[in-house]
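Just so you know, these numbers come straight off a predicted model, no measurement behind them.
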Amino acid sequence: MTETLNPFKIAQAQFDEAADILQLDAAMREFLRVPMRELHFSIPVKMDDGSVQVFQGFRVQYNDARGPSKGGIRFHQDETIDTVRALSAWMTWKTAVADIPLGGAKGGIICDPRNLSEGELERLSRGYMRNIARQIGITQDIPAPDVNTNPKIMAWMIDEYETLMGWHEPGVITGKPLALGGSEGRTAATALGGIFTLREAAKELNVDLTKSTAAIQGFGNVGSFAHKLIIEVLGVKVVAISDQYGGIYNADGIDYDVLRAHVDKTGKVVNMEGTTPISNKNLLELDVDILVPGAIENQLTAVNADNIKASIIVELANGPTTPEADEIFNEKGIYIIPDFLCNAGGVVVSYFEMVQNGYQYYWDEALVNQRLDSKMTTAFHAVHNMAQEKGVSNRVAAYLVAVDRVVEAVSLRGWV
Ligand code: NAD
């Protein structure tokens, strides 16, 4: 049988495993395997040349038993409803494992933003918001940036929302620019949260991180901050890093500031002075202590799992590991910090952003990071302890913690 790479099928298979262990009854299982609500819509956009192009948009509200649903908006040429469904499910488990009072959602538009002018991108973003405005809100569903969307796009969207509604309500969108009510620390939060979980894992495993090496896939928002912070906060040596164009390697370590300057100048990681080229395939298979998939999904599969040499995998990307690869890693005893635990820092600080917006009173970065640390550390140990107690992998344990919390809220509401 060939391995499925459909993210929603993978998300359902992972859920099913937890549902079996939790012995969920048939109705609860049926309810939690699929989204509660989906919005599919067409967005006509006037293009710069006078023509009209129609884009397909989605917003999936997977589950809101624990609170208003929350999740980013992706702009991608290969976006599919199943990707959005999977990511909305993972958001549900992520907010639950992080124990913040929110549910899970995700949105997306099938488009290639590289082919859109600034004006077209703005009209598309505003058109998307007009389609979802009545289905979102601080008490319903709160979008945020994700792949190919950013604070600037969030600014257009919050402006469109507030213009439509006729009032200010900054908490409806998170990941906003600071000047419009964004939170200090939000940009680095996903990577920093993952770094806190790695710190805790190292304590449990008795690993000296200052003597450890790491390879990082991805140099976008998540990968670049992971590079900076894994050195700054934990003293790990980063020997390889990549982006979609290829990777670089230096056994003596790759300096963050030098690489940042190089990428700012050239737009790519490759060809940084003092490094040798390495393919993304070889980067994943390097003999390092820590592997950080921080780019895209389905990178660790049945094809390469046997060749992975790292002893800790820090899943900052969503869905980097297929279930087949997971099985192989479990047999090999590789310690995985699973995605919706590892990368929960982004949504935790998004939640802090909503809280600050609600009070119209803002925290400094040190306070944001301190509260993020507390949330991530608690979440990590809930998962680690569950894994020890039940003798299951960290991924299954993360599902057990998260699904159990959602089940409790669904039951208390009397839904199922
Ligand atoms: P991004 O678009 O800023 O960066 C993605 C990076 O991956 C880029 O460096 C790109 O060149 C690289 N990349 C793309 N295809 C690649 C390939 N085939 N091989 C190697 N590198 C490749 O995105 P991001 O915000 O950094 O998100 C990265 C991952 O983290 C995604 O899975 C995303 O869902 C997840 N994530 C992001 C956040 C967040 O707050 N940004 C939160 C949770 C999870």
Side-chain angles (χ1 to χ4, degrees), residues 70-76 79 83 87 90-91 94 98 106-109 113-114 121 125 143-157 173-178 180 182-198 214-233 238 241-245 247 254 256-257 259-269 280 283 291-297 299 314-320 337 339-353 365 368-369 372 376:
K70 177 105 192 73
I73 301 167
R74 298 155 53 101
F75 286 3
H76 203 275
E79 195 64 283
T83 312
L87 289 159
W90 287 325
M91 284 304 297
K94 192 183 300 192
K106 207 77 179 189
I109 304 180
R114 290 170 303 187
L121 194 60
S125 304
D146 203 283
V147 174
N148 289 329
T149 54
N150 53 33
K152 187 176 189 175
I153 292 176
M154 297 306 109
W156 292 327
M157 287 191 178
I173 295 246
T174 60
K176 300 178 294 293
L178 282 180
L180 293 183
S183 177
E184 293 287 353
R186 173 63 186 88
T187 336
T190 303
L192 184 59
I195 296 298
F196 290 144
T197 63
L198 172 59
I216 301 175
Q217 186 188 47
F219 196 73
N221 176 277
V222 166
S224 65
F225 277 107
H227 181 194
K228 180 178 194 291
L229 297 168
I230 206 170
I231 300 172
E232 249 175 52
V233 180
V238 175
I241 189 150
S242 66
D243 60 19
Q244 61 192 306
Y245 308 105
I254 299 169
Y256 170 76
D257 291 324
L259 179 58
R260 178 77 269 167
H262 171 78
V263 172
D264 287 347
K265 204 161 106 196
T266 67
K268 293 174 188 172
V269 156
N280 262 296
L283 176 141
L291 178 62
V292 185
I296 51 168
E297 59 276 3
Q299 293 305 290
V314 181
E315 290 186 343
L316 277 173
N318 279 313
I337 307 177
D339 53 4
F340 70 77
L341 165 67
C342 187
N343 66 33
V347 75
V348 168
V349 174
S350 272
Y351 161 63
F352 293 163
E353 184 175 332
E365 191 175 349
V368 170
N369 290 348
L372 172 65
M376 295 303 296

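For the pair Val349/Glu353, no side-chain contact is recorded, criterion being any heavy-atom separation below 4.5 Å from C-beta on. The side-chain heavy atoms of Phe219 and Gln244, taken from C-beta on, include no pair separated by under 4.5 Å. Contact of the Leu121 side chain with the Trp156 side chain is registered, since non-hydrogen atoms from C-beta on lie closer than 4.5 Å. By the 4.5 Å heavy-atom criterion applied to side chains, Arg74 and Leu87 are counted as neighbours. For the pair Leu192 and Val233, the minimum side-chain heavy-atom distance is below 4.5 Å. Within the 4.5 Å cutoff, side-chain heavy atoms of Thr187 are placed close to those of Phe225.
In this structure, NZ on Lys268 lies 8.5 Å from CG on Asp243, to the nearest 0.5 angstrom. In this structure, the separation between NZ on Lys106 and CG on Asn318 is 5.5 Å, given to the nearest 0.5 Å. Remark: Arg186 CZ to Asn221 CG distance equals 7.5 Å, nearest 0.5 Å. Here the CG atom belonging to Leu259 is positioned 9.0 Å from the OG atom belonging to Ser224, to the nearest 0.5 angstrom. With rounding to the nearest 0.5 Å, the separation of CD in Gln217 from CG in Asn280 is 4.5 Å. One distance of note links CD1 of Ile337 with OG1 of Thr197; it measures 4.0 Å at 0.5 Å rounding.
The two residues Lys176 and Pro151 make their nearest non-hydrogen contact at C-CB, 4.2 Å. The heavy-atom pair separating Asn343 from Lys94 by the smallest distance is OD1-NZ, 2.7 Å. When all heavy atoms of Leu372 and Gly345 are compared, the pair lying nearest together is CD1-CA, 3.6 Å. Of all heavy-atom pairs between Val368 and Ser183, the closest is CG2-OG, 3.8 Å. Contact detail for Lys70 and Pro143: the closest heavy-atom pair is NZ-O, 3.4 Å. When all heavy atoms of Ala214 and Ile230 are compared, the pair lying nearest together is CB-CD1, 4.2 Å.
Judged by distance alone, with hydrogens and angles left aside, the side-chain atoms of Thr83 form no donor-acceptor pair with the main-chain N or O of Glu79 at under 3.5 Å. With hydrogens and angles ignored, the 3.5 Å screen pairs no side-chain donor or acceptor of Ser350 with any backbone N or O of Thr174. Asn148 places no side-chain N or O within donor-acceptor distance of the main-chain N or O of His76, the cut-off being under 3.5 Å. Remark: side-chain polar atoms of Glu315 are paired, donor with acceptor, to backbone N or O of Asp339 under 3.5 angstrom.
Taking the six-membered ring for Trp and thresholds of 30 and 60 degrees, Tyr256 and His227 have ring planes more than 60 degrees apart, a perpendicular arrangement.
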